[in-house]
Amino acid sequence: MSAPRPSCHEMLRSLSDYLDGELEAEICAAIESHLAECENCRIVVDTLRKTITLYHQYSEEDLELPADVRSRLFKRLHLEDFLNSPR
Amino acid sequence: MVKDKEATPLSIEALRQGDRAEFARLVEQYDTYIYRLALRILGNPQDAEDVLQETFIKALKHLPSFDGRSSLSTWLYRIATNEALMLLRKEKGGVLSLDEPSPNDEEEQEPIQIVDWCCLPEEMLMNAETKKMLEQAIARLSPALRVVVVLRDLQGLSTRETSQILKISEEAVKTRLSRARLQLRQWLSEYFHQQYGLENLAP
Ligand SMILES: [Zn+2]
């Protein structure tokens with residue numbers, strides 16, 4: 001038995017889980033059947049997927065701990081002796 | 001995901017007993033992750049540094065009673081997230097609500113943006129200006145939504161880890177993440193619509 005076809009409004013609610021692959025197969029099938037016929041929802045799902053991708057890319061850029069921040073942290077914790085210990 | 005930089009795993013026993021060298025290894029292993037988390041929630045390097053320091057001061061104090069029910073990284077993230085939220089609350093003069101936003105926040109907002117920007121060339125999607133906008137959009141989210149999207153999509157933690165850090169159900173994590181992502185998509189759509197004059201097909 002297949003799940004009933006969701007409305008555009010119901011689609012919105014499921015898209016995040018859908019993109020994370022967390023929905024059951026038959027719900028995915030119902031969503032895909034809606035997407036096949038609804039241009040607007042297709043745009044929403046594509047741009048939602050891209051939004052998540054952009055944030056993943058953004059988060060992968062180097063954000064190293066600045067050396068002075070680390071040195072103040074070690075000082076505050078009275079760990080200066082260990083600051084330059086070999087990794 | 002937090003990756004271990006060290007070959008030898010940390011000894012929880014040594015940490016509990018106050019071994020300084022082991023604590024230094026813990027700090028070295030996690031300080032970058034904690035700093036990133038705080039900076040992404042707070043958006044301000046000075047505040048992020050305060051949270052970083054407070055997190056490890058609290059960790060040092062509470063390690064003897066660390067019960068090992070969650071992993072060390074989850075435990076540290078939890079301390080750091082609470083510190084960051086506390087700081088946000090203080091800056092807002094104590095009026096910050098960490099409760100779930102009202103259901104109306106979700107869909108009853110602006111009409112949904114239908115702008116097809118997903119296939120713009122990469123250099124139009126990821127440039128310095130877009131990056132600034134991505135940061136500003138995160139900052140515009142309510143703290144309850146911002147924290148979830150930072151943990152899940154920026155720090156790359158699982159739904160389960162996020163639920164343990166925030167002490168909310170996995171369902172609540174998913175619901176908030178969905179709201180946060182839809183809101184971000186909405187703002188990105190407005191931005192690309194204006195930036196590149198793309199058509200808005202919204203009815
Ligand atoms: Zn639709």
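Per chain, numbering begins at 1; letters A, B, ... match sequence-line order.
With rounding to the nearest 0.5 Å, the separation of CE in B:M126 from OH in A:Y58 is 8.5 Å. Distance check: B:L182 CG to A:S16 OG gives 7.0 Å after rounding to the nearest 0.5 Å.
Between B:E122 and A:K50 there is a salt bridge, with a side-chain nitrogen of the basic residue lying less than 4.0 Å from a carboxylate oxygen of the acidic one. Ionic pairing of A:D20 and B:R181 is present here: one or more N-O contacts between side-chain nitrogen and carboxylate oxygen are shorter than 4.0 angstrom.
Residues of residues 33-44 of chain A that come closer than 4.5 Å to chain B, counting heavy atoms only, are A:N40, A:I43, A:V44, ordered by residue number.
Heavy-atom distances place the backbone of B:V115, and not its side chain, under 4.5 Å from chain A. Heavy-atom distances place both the backbone and the side chain of B:L184 under 4.5 Å from chain A.
No side-chain donor from either of B:Y35 and A:E64 sits under 3.5 Å from a side-chain acceptor of the other.
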Carefully, step by step, assess B:E49 and A:R76 under the rule side chain to side chain contact (heavy atoms under 4.5 Å, CB included).
CA-CA 11 Å; B:E49 182 169 352; A:R76 180 96 195 266; over 6 Å; no

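Between chain A and the residues B:A21, B:A48, B:S189, B:C119, the largest count of heavy-atom pairs under 4.5 Å involves B:A21. Among B:L39, B:I138, B:L201, B:T130, the residue with the largest count of heavy-atom pairs under 4.5 Å with chain A is B:I138.
A distance-only check finds a donor-acceptor pair linking the side chain of A:Y55 to the backbone of B:L134 [under 3.5 Å].
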